[in-house]
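Each remark here refers to the structure printed beneath this line.
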Amino acid sequence: EREYKRAIELSPNYPTAYHWYAESLSAVGRFDESIAMYERALKLDPMSLAISTDLGRAYYVARQYDRAIEHLKKIEELDPNYVRTHFYLAGVYEQKEMFEEALASRRKGILLNGGNSERLTAAGRRVMDAVAAAGRKGYWSTAIALTQEAAERNGESLNPSEMAELYSLLDDKNKAFEWLETCFRERRVNLVFLNVEPAYDNLRSDPRFADLVRRVGTPNYAPGVR
């Protein structure tokens with residue numbers, strides 16, 4: 001924070017300084033200050049899609065889901081080919097359990113990244129069938145299965161940050177903590193957001209979470225437990 005403030009003092013019209021300072025404020029739960037910094041960054045660079053979408057993510061971690069959707073939808077209208085918008089929107093929709101909308105947004109993002117349309121259509125049907133049969137648990141268990149299948153098909157390793165979030169959202173705490181420990185060992189940058197990421201709200205009452213927060217060294221901020 002001291003260095004960001006110094007950067008802004010040295011160059012008060014440099015939008016990136018405000019952008020990354022806003023990101024760091026968001027990571028420690030200082031949401032009002034974070035959003036104000038994003039707004040200052042956008043005044044300096046109003047056409048920056050990176051700054052604007054990250055403001056949408058700041059609304060997301062602040063649990064201002066409706067505001068996040070409204071903001072990200074405006075960006076989608078301005079530039080429907082900006083990939084990050086669609087993935088951020090999907091995450092917000094998932095927190096609101098708007099699973100059909102989440103799938104549509106995620107599909108757009110994956111297609112823009114070169115995904116296979118037929119495979120995505122089949123996966124979408126599979127997910128919605130699981131939702132019809134088992135609700136939110138059906139959604140997340142199928143998301144995990146699809147993620148594992150895609151990694152195997154492409155000969156890739158699973159992303160431990162992604163898997164930790166998925167298992168937390170499924171409310172499989174033991175698996176979530178196994179993957180979080182992998183994140184810790186590998187020093188994954190996502191752990192910077194450990195204390196504010198909504199996907200981990202299911203875990204906050206577990207003593208293992210407090211221990212991980214202590215070891216990571218993030219400020220002791222907890223937005224609430226589901």
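All residue numbers in this chain count up from 1 along the given sequence.
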If you count the non-hydrogen atoms of other residues, nucleotides and ligands that lie under 6.0 Å from NZ in K173, is the total more than 12?
yes
Mind checking whether V92 and M98 have side chains closer than 4.5 Å, heavy atoms only?
no
Would you say CZ of R126 has more than 12 non-hydrogen atoms from neighbouring residues, nucleotides or ligands within 6.0 angstrom?
yes
Salt bridge (Lys or Arg N to Asp or Glu O under 4.0 Å) partner of K5, chosen from E1, E3, E9:
E1
Is there a donor-acceptor pair closer than 3.5 Å between any side-chain N or O of H86 and the backbone N or O of P80?
yes
L72 with L42, same ILVMFWY side-chain cluster at under 4.5 Å:
no
Do the side chains of E77 and K74 get close enough for a salt bridge, i.e. N-O under 4.0 angstrom?
no
Looking just at side-chain N and O atoms, do T182 and R188 make a donor-acceptor pair shorter than 3.5 Å?
no
Quick check against the 3.5 Å criterion: does R204 have a side-chain atom that pairs as donor or acceptor with the backbone of N202?
no
Scanning both residues in full, the closest heavy-atom pair of S168 with L203 reads OG-CG, 3.4 Å
Can a side-chain donor-acceptor contact be found between S52 and H71 if the only test is distance below 3.5 angstrom?
yes
Any side-chain to backbone donor/acceptor pair from N154 onto E156? Under 3.5 Å, distance only.
no
Once you round to the nearest 0.5 Å, how far does CD1 of I51 lie from CE of M37?
13.0 Å
Would you mind reporting whether Y200 and L194 have side-chain heavy atoms less than 4.5 Å apart?
yes
Given 3.5 Å as the limit, does a donor-acceptor pair link the side chain of S26 with the main chain of S34, or not?
no
Flag the pair R106 / L89 as yes when at least one side-chain heavy-atom distance between them is below 4.5 Å, and no otherwise.
no
With a 4.5 Å cut-off on side-chain heavy-atom distances among I, L, V, M, F, W and Y, is there a chain of contacts connecting L169 to W179?
yes
Heavy-atom side-chain contact between E178 and M163 under 4.5 Å
no
Once rounded to the nearest 0.5 Å, what's the spacing between atom OG of S105 and atom CD of E100?
11.0 Å
Spell out, yes or no, whether I75 and L112 are grouped together once hydrophobic residues are joined by side-chain heavy atoms under 4.5 Å, including indirect joins.
no
Sidechain N-carboxylate O distance under 4.0 Å for D211, R208
no
Between Y93 and Y60, is there shared hydrophobic-cluster membership here, with clusters defined by ILVMFWY side-chain heavy atoms closer than 4.5 Å?
yes
Audit row: S117, L111, side-chain contact (heavy atoms from CB on, under 4.5 Å) steps and yes/no
CA-CA 7 Å; S117 179; L111 284 174; 4.0 Å; yes
Do E162 and L158 pass the side-chain contact (heavy atoms from CB on, under 4.5 Å) test, and can you show the C-alpha distance, the side-chain angles, and the key distance before you say yes or no?
CA-CA 8 Å; E162 181 182 12; L158 291 166; over 6 Å; no
Run Y38 and E23 through side-chain hydrogen bond (donor to acceptor under 3.5 Å, both in side chains) and show every step you take.
CA-CA 8 Å; Y38 275 119; E23 188 90 352; 2.5 Å; yes
Could you walk me through whether R67 and E70 pass the salt bridge (charged side-chain N to carboxylate O under 4.0 Å, His left out) check?
CA-CA 5 Å; R67 193 175 182 186; E70 181 183 6; over 6 Å; no
Would you please say whether a donor-acceptor pair under 3.5 Å links the side chains of Y59 and D66?
no
Please assess L103 against F99 for the test side-chain contact (heavy atoms from CB on, under 4.5 Å), listing each intermediate value before the final yes or no.
CA-CA 6 Å; L103 278 175; F99 295 129; 5.7 Å; no
Assess, by modelled atom type and distance only, whether the side chains of R30 and S24 contain a donor and an acceptor separated by less than 3.5 Å.
no
Do D45 and H19 make a side-chain contact, defined as non-hydrogen atoms from C-beta onward lying under 4.5 Å apart?
no
Test: R57 cationic atom under 6.0 Å from F193 six-membered ring centre, within 45° of axis
yes
Measure the shortest side-chain to side-chain distance between R63 and D201 over non-hydrogen atoms and say whether it is less than 4.5 angstrom.
yes
CD/E165 to CG/L180 distance, rounded to the nearest 0.5 angstrom?
9.0 Å
Can a side-chain donor-acceptor contact be found between E94 and Y139 if the only test is distance below 3.5 angstrom?
yes
Working note: R136 + D171, criterion salt bridge (charged side-chain N to carboxylate O under 4.0 Å, His left out); need CA distance, chi angles, decisive distance, verdict.
CA-CA 10 Å; R136 62 178 302 278; D171 206 22; 5.9 Å; no
Taking all non-hydrogen atoms of both residues, which atom of A199 and which atom of E197 are closest, and how far apart?
N-OE2, 3.0 Å
Over all atoms of both residues, closest heavy-atom pair of I35 and A58:
CG1-CB, 4.4 Å
Looking at N113, I want to see if its CG is surrounded by more than 12 non-hydrogen atoms of other residues, nucleotides or ligands under 6.0 Å.
yes
For residues Y21 and V189: do they belong to one hydrophobic cluster (side chain heavy atoms under 4.5 Å, members Ile, Leu, Val, Met, Phe, Trp, Tyr)?
no
Quick check: do L212 and R215 have side-chain heavy atoms less than 4.5 Å from each other?
yes
Return the minimal non-hydrogen interatomic distance between N13 and P15, and the atom names on each side.
O-CD, 3.2 Å
At their closest point, which heavy atom of A50 faces which heavy atom of R84, and how far apart are they?
O-NH1, 3.4 Å
Any donor-acceptor N/O pair, S11 side chain to A7 backbone, under 3.5 Å
no
So, taking the atom named CD1 in I110 and the one named CG in N116, what distance separates them when rounded to the nearest 0.5 Å?
11.0 Å
For P12 and Y18 the tightest heavy-atom approach is O-OH, 2.8 Å
Does R187 have more than 12 heavy atoms from other residues, nucleotides or ligands lying within 6.0 Å of its CZ?
no
Spacing of NZ belonging to K96 relative to CD1 belonging to I69, to within rounding of 0.5 Å:
5.5 Å
Within the structure provided, determine whether Y88 and T85 are in side-chain contact (heavy-atom separation under 4.5 Å).
no
Going from CG on L166 to CD1 on I144, what distance comes out if it is rounded to the nearest 0.5 angstrom?
5.5 Å
